[in-house]
Structure formats: C-alpha cells, structure tokens
There are 2 protein chains.
Amino acid sequence: MNDIKQFLRSNSLRPTKQRIVIAGYLFDGTDKHITAESLSTELTKRKHIISLATIYNTLHDFYENGLLKKLILSSDRVYFDTNTDDHHHFYSEKDQFLIDINKNIKVNGLPKTPKNKKINKIEVIVHLDK
Amino acid sequence: MNDIKQFLRSNSLRPTKQRIVIAGYLFDGTDKHITAESLSTELTKRKHIISLATIYNTLHDFYENGLLKKLILSSDRVYFDTNTDDHHHFYSEKDQFLIDINKNIKVNGLPKTPKNKKINKIEVIVHLDK
DNA sequence: TATCAGTTTAGAATGATTCTAAAGTGTTGA
DNA sequence: TCAACACTTTAGAATCATTCTAAACTGATA
Ligand SMILES: [Mn+2]
Ligand SMILES: [Mn+2]
Ligand SMILES: [Zn+2]
Ligand SMILES: [Zn+2]
C-alpha cells in the first residue's frame, strides 16, 4: 500500500484513493488483459466503486506513463495489458480470450521500411478459431 | 460493367446499381485500404451518391463473401482491404497510412497453440512512428 | 491549515456503426 | 412480358464505448 503510493509517485502520478485501488489490482504480480468494463466489474466485485470516467482516466494515465500497453484487437473495446515487456498474443475473438506469447518470436523477411519512417514496434497477433 | 455483374453474381450477390458502383471502384485492379467514410468520400467525388447505410451493408456483404479483408488497427474506424491474399502491413497511426507487405514473412519461434484451438491466421503489423 | 493544482464524477455529448421499417428493385416462373 | 416476392436501399433513430464538461473534492505544499 505504501509501496503502491511510492510506485505511483515514482511514475509522476498522484496517489489518490482510486489510483491506489486500481494499481493494487492491476499490478499484483499477475499479468492481466483488461478492458474498462471488465476492470469496473472486477473492482465492483471487490466493493470498490469507482466511476467509469475515472477508470477511463486512470487507464489512460497509466498508459501515458508506460505502465500499460494498449491492444487494439476488436472494434468495440480497447484492451490494456499489464505486461509491458515486448511480447505477442494468441487471440480468440470468439472466446474473447488473450494469451501472452513471451517466447522470442522472430519475424523474418520484412521488406525495407518506408522512406523517412522508423519502426516503432512489430506486433504479431495469432488469431485462433474463426 | 457486365464483368462486374457477373463477378457479383458469381459471389451470390445481387448486382444492384449501388453494388456495381462500389465493386467497380474497389476492384479496379489497384489494391486499396478503405474505411466506410473514405469510401463514401471517394464515391461522392465521382458523383455517385450512396447512403452510408448501404456503404456499411455493402462492405459487410463483400466481407462476408470473402471479397474483402477486415483490418482492426485503430479503435475508431474499421479498415477494409481489397487485397485478400495473405499479407501483412506497415501501419502509421499518426499518418493514417497503410502499406502492404507481400513478401514472404516468416514468423519463427511460436510456442504451441493453446489446447483445442487452431490457428486461423497470423497477422503481423509493423507500427511506424510513435 | 490555507491554498491550489490535480483529480473525481455525474451526466451530457460524440461518433462510428447498427437497426428499423418503409419504399424500391432484381429475379423468376408462368 | 410481368406479377409476385425476396432482397436491397435508405432516412432517420438507436446503440454504446468512449470522451467531454464543469462542479465538487483532495493530495501536496508552505
Ligand atoms: Mn460498439
Ligand atoms: Mn470514436
Ligand atoms: Zn499481453
Ligand atoms: Zn493490405
């Protein structure tokens, strides 16, 4: 709890009650893939009522500060990933199911990068089912 | 034009005026990445006024029939791709810019597929800028 | 402890997409 | 040829995740 406060402060985030609760849940040592909605549900289960606006604000604050990754996999919800290491995913749209691929994936055979552009990151999504 | 009609029929799509115009534009031999909005703008330029509802309907009909691929890259618009071959993309969110990678990309080092699941497709997105 | 910038929140707004239901059209069998 | 009907188009309403607004609240600081 004081760890969490320090953690937030060290990321230039004021440790408010809401951020402490959310960070406590998100960064408990277990990697998580969540959406604003699923996070809200999870917090409500734990009797922590936090407005959706704050949940969105907090997810963005954490994202802006590099504490979360953003995953765009579906057109109707944004996923956030507590695993900020470089990694990839298995994804089942059908089962709304997302699994980290932490192994060292190598992408071979890329053509040259478009003129005046730099590669920011390479994302591999392994789509399951259909 | 009669080619287009046949093309639509052979894909179990009734060749309506609107579908003929849209297919004529989309499948002119040049690969395209479009959104409902950009397609609408493009058709309007060409003096073909088609309602947005029909544009959405048609894109989905074409997609359902395998004439288009769907690309989820941003949370606020869906891209459709007239290149239905297996391929990957360079993507610049900043410049809303999308380039095909048709070269034979190889993804090495994938772990085993989750139990009871099958790989549907592997998608590589090379994000540019930041 | 007063002050103030930063934060939370209810509720409104946004905007891409989907839905509804009424009018229009391509197909087909007689 | 054309009536009949299933399929399609469309305006406008609805949906819904997300963002915005602006007022109340709170953590940090001196
Ligand atoms: Mn939606
Ligand atoms: Mn949007
Ligand atoms: Zn992950
Ligand atoms: Zn493409």
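Just so we're on the same page: letters track the sequence lines, and every chain starts at 1. Only this structure's heavy atoms are used, side chains among them; waters, hydrogens and symmetry mates stay out.
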**Message:** Looking only at the side chain of B:T16 (C-beta and beyond, no hydrogens), which of the listed nucleotides C:dG26, D:dT10, C:dG6 gets closest?
**Reply:**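 Of the candidates, C:dG26 comes closest.
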**Asked** When you measure from the side chain of B:I50, which nucleotide among D:dG27, D:dT10, D:dT18 comes out closest?
**Response**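 Nearest nucleotide to the side chain: D:dT10.
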**Asked** Going by heavy atoms in the side chains, are B:D100 and B:H89 under 4.5 Å from each other?
**Response**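 Side chain of B:D100 against side chain of B:H89, heavy atoms only: contact under 4.5 Å found.
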Just how far, in rounded Å, is [atom2] of [N] from [atom1] of [X]?
X: B:D61; N: D:dT9; atom1: CG; atom2: C1'; answer: 11 Å
X: B:E64; N: D:dT8; atom1: CD; atom2: P; answer: 13 Å
X: B:K70; N: C:dA16; atom1: NZ; atom2: C1'; answer: 13 Å
X: A:I20; N: C:dT8; atom1: CD1; atom2: P; answer: 10 Å
X: B:F62; N: D:dT8; atom1: CZ; atom2: P; answer: 11 Å
X: A:N2; N: D:dG27; atom1: CG; atom2: P; answer: 14 Å
X: B:I72; N: D:dA17; atom1: CD1; atom2: C1'; answer: 14 Å
X: B:I22; N: D:dT10; atom1: CD1; atom2: C1'; answer: 13 Å

Can you tell me if [X] touches the phosphate of [N], counting only side-chain N or O atoms and a distance under 4.0 Å to OP1 or OP2?
X: A:T54; N: C:dT8; value: no
X: B:Q18; N: C:dT25; value: no
X: A:R14; N: D:dT26; value: no
X: B:R77; N: C:dG15; value: no

**Asked** Would B:H33 and B:N83 count as having a side-chain donor-acceptor pair, cut-off 3.5 Å?
**Response**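 Side-chain D/A pair, B:H33 to B:N83: absent.
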**Message:** Counting neighbours of CG on A:N102 that are heavy atoms of other residues, nucleotides or ligands and sit closer than 6.0 Å, is the number greater than 12?
**Reply:**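 Yes - once you tally the heavy atoms of other residues, nucleotides and ligands closer than 6.0 Å, there are more than 12.
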**Prompt:** Hey, what do you get for CZ (B:R77) to OG (B:S75), rounding to the nearest 0.5 Å?
**Reply:**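 Going from CZ on B:R77 over to OG on B:S75, the span is 8.5 Å.
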**Request:** With DNA chain C as reference, determine whether B:P15 or A:K17 sits nearer its 5' end, using the nearest nucleotide of each.
**Result:**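 Result of the comparison: A:K17.
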**Prompt:** Which heavy atom in A:A36 sits nearest to a heavy atom in A:L59, and how many Å separate them?
**Reply:**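 For A:A36 versus A:L59, the nearest heavy atoms are CA-CD1, 3.8 Å.
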Can you tell me if [X] uses its side chain to pair, donor with acceptor, with the backbone of [Y] under 3.5 Å?
X: A:S38; Y: A:I34; result: no
X: B:N57; Y: B:A53; result: yes
X: A:N65; Y: A:L67; result: no

**Where at least one partner belongs to residues 5-30 of chain B, residue pairs that pass ring-ring contact (aromatic ring centres under 6.0 Å, His included), sequence neighbours excluded** =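 For residues 5-30 of chain B, and leaving out neighbouring residues, the ring-ring contact (aromatic ring centres under 6.0 Å, His included) pairs sorted by first residue read B:F7-B:F27, B:F27-B:F62.
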**Contacting residues from residues 33-46 of chain A, given that a heavy atom lies under 4.0 angstrom of DNA chain D** =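 Contacts with DNA chain D under 4.0 Å: none.
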**Message:** Which residue is it: A:K69, A:H87, A:K32? I am looking for the one with a side-chain hydrogen bond (donor to acceptor under 3.5 Å, both in side chains) to A:D81.
**Reply:**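 Between A:D81 and the candidates, side-chain hydrogen bond (donor to acceptor under 3.5 Å, both in side chains) is satisfied uniquely by A:H87.
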Between N or O atoms, less than 3.5 Å apart, protein on one side and nucleotides 18-21 of chain C on the other: list the pairs.
none

